[in-house]
There are 2 protein chains.
Amino acid sequence: MEKQVISDTSLRCFAGYALKRAFNSVQADVNATLAPLGLRMLSFSALAVIAENPGLRQSQLAGALSIERPNLVIVLDDLEQRGLIVRDRVPSDRRAYALRLTDDGGRVYQLAASAVQAHDARMTSGLSKVERLAMIDALRRIETANTKEQPDG
Amino acid sequence: MEKQVISDTSLRCFAGYALKRAFNSVQADVNATLAPLGLRMLSFSALAVIAENPGLRQSQLAGALSIERPNLVIVLDDLEQRGLIVRDRVPSDRRAYALRLTDDGGRVYQLAASAVQAHDARMTSGLSKVERLAMIDALRRIETANTKEQPDG
DNA sequence: CATAATGGTTATGGATAGTACCTAAATTCA
DNA sequence: TGAATTTAGGTACTATCCATAACCATTATG
């Protein structure tokens, strides 16, 4: 039985198809990278933004990560139970929590950041520095292509 | 209450983060584009590859789409029930099915392809033709970055 | 003080992707 | 030929990701 080659030319010309395939590959690799630390793509992203913006609130974090608030709750529950973050009460607003990394969370984040750095370099090893930056810039423009910017009142 | 800006600089330098954000945006838009036709990203991709390779078998389609066989079954069941594809028996191998579009499936695929074409143009409207092609090429290199190519026996 | 808006949560569902396992049929090989 | 293995398709189940609706407590608005 000959393994005849299947073509997908009509899909290959779509940016979205290339995006999907590349993302699947990257996601599988980054999850494998983070699994030993008990993290996933989303929980690592959460740690990174908390590390960079200590004291931010959950809704701000959800906004920064472009996810809905309910989805963040589960992620933060997990990180909190494992002692990587704390939800401090905000004195001025008793509804809100101020998110911070614990010392342990900071250490885990540093380890994870190094691992993700290596992962990212590996995934983009076929690109020059210029190509890599151009691609990131292009992706950013795609991300905001259909973001209806409503003018501030 | 001032809306303080949350930064994600440490994540923005990762190609994978840009990829994830762009993909989420594109996926939401393409699903909204295909919803009126009763299709999703995956079922549209399946139609496209079947249209381009009439008579191919399910395992070949799964391989072309880089998904596992069980996940394809549900997609094909749906397309078959709606009369968009047929599973013809292969005389030379009674285990296998030859996948083909019906006339109706061909028409729906043409409509969907036009809609996706417009969607893709909209998503990449912020890019020049050269930038767009460079990005697609870069994404392809990322996709295959960690694909261990095992030499044929 | 009544109403609306906000922060966080719960519950739920859809889309995606993976593994384990089953059957029928084809292939390999002793 | 006949047993063991492989392959094609399918079933069942699970995990992740992301979204919406509805809810409670608190704060802001009028």
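So that the names make sense, note that chain A is the first sequence line, chain B the second, and so on, each numbered from 1.
Atoms CE (A:Met41) and C1' (D:dA15) sit 16 Å apart, rounded to a whole Å. Atom C1' of nucleotide C:dA5 and atom CG of A:Asp93 are separated by 12 Å, given to the nearest angstrom. Residue A:Tyr97 contributes atom OH, which lies 15 Å from atom C1' of D:dT27 at whole-angstrom precision. Atom-to-atom, CG of B:Asp78 to P of C:dA15 comes out at 10 Å; the value is rounded to the nearest Å. In this structure, the CG atom of A:Asp88 is 18 Å from the P atom of C:dG7, given to the nearest Å. Summarising the geometry, the separation between CZ on B:Arg21 and P on D:dC18 is reported as 11 Å, rounded to the nearest angstrom. Nucleotide C:dA15 holds its P atom 12 Å from the CG atom of B:Leu34, rounded to whole Å. Between A:Leu42 atom CG and D:dA19 atom P the separation is 11 Å, expressed in whole Å.
No engagement by B:Arg89 is indicated, since no non-hydrogen atom pair under 4.0 Å with the nucleic acid exists.
Only B:Glu68, B:Pro70, B:Asn71, listed by number, bring a heavy atom of residues 65-77 of chain B to less than 4.0 angstrom from any atom of DNA chain C.
Between A:Asp104 and A:Arg107, at least one side-chain nitrogen of the basic residue sits less than 4.0 Å from a carboxylate oxygen of the acidic one, meeting the salt-bridge criterion.
Contact annotation: A:Asn24 side-chain N/O to C:dA17 OP1/OP2 distance is under 4.0 Å. Applying the 4.0 Å criterion to OP1 and OP2 of C:dG14, one finds that B:Arg40 has every side-chain N and O outside that range. Put simply, B:Arg94 has a side-chain N or O that comes within less than 4.0 Å of OP1 or OP2 on C:dA26. Listed pair A:Arg87 / C:dT9 meets the phosphate criterion, a side-chain N or O lying under 4.0 Å from OP1 or OP2. Listed pair B:Gln27 / D:dC17 fails the phosphate criterion, with no side-chain N or O lying under 4.0 Å from OP1 or OP2.
At a cut-off of 3.5 angstrom, counting only N and O atoms as typed in the model, there is a donor on one side and an acceptor on the other between the side-chain of A:Arg95 and the base of C:dT6.
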Side chain to side chain contact (heavy atoms under 4.5 Å, CB included) assessment of B:Tyr17 paired with B:Asp8: CA-CA 10 Å; B:Tyr17 187 67; B:Asp8 59 351; 3.1 Å; yes
How far apart are the C-alpha atoms of A:Val26 and A:His119, what are their side-chain angles, what is the distance that settles it, and do they pass the side chain to side chain contact (heavy atoms under 4.5 Å, CB included) test? CA-CA 9 Å; A:Val26 166; A:His119 144 82; 3.9 Å; yes
Check step by step if side chain to side chain contact (heavy atoms under 4.5 Å, CB included) holds for A:Asp78 and A:Arg82. CA-CA 6 Å; A:Asp78 175 61; A:Arg82 290 164 53 205; 3.2 Å; yes
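Tested against A:Leu42, the residues A:Ile67, A:Leu47, A:Leu72 include a single side chain to side chain contact (heavy atoms under 4.5 Å, CB included) partner, A:Ile67.
Within a 6.0 Å radius of CZ in A:Arg100, other residues, nucleotides and ligands contribute more than 12 heavy atoms. Annotation for A:Arg87: atom CZ counts as buried by contact number, over 12 foreign heavy atoms lying within 6.0 Å.
Summary of helix geometry: the two end axes of the helix from C:dC1-D:dG30 to C:dA30-D:dT1, each defined by five base pairs via their C1' atoms, are inclined to each other by 20° (rounded to 10°).
Where B:Asn31 and A:Ser59 each meet DNA chain C at their nearest nucleotide, the meeting point lying more 5' is that of A:Ser59.
The side chain of B:Lys20 lies closest to D:dC18 when the candidates are D:dC18, D:dT7, C:dG8.
Judged by distance alone, the side chain of A:Gln60 and the main-chain N or O of B:Ile6 form no donor-acceptor pair under 3.5 Å.
Once rounded to the nearest 0.5 Å, the distance linking CD of B:Gln117 with OG of A:Ser10 reads 10.5 Å.
Checking B:Tyr97 against B:Arg57 by side-chain atom types alone, no donor-acceptor pair falls below 3.5 Å.
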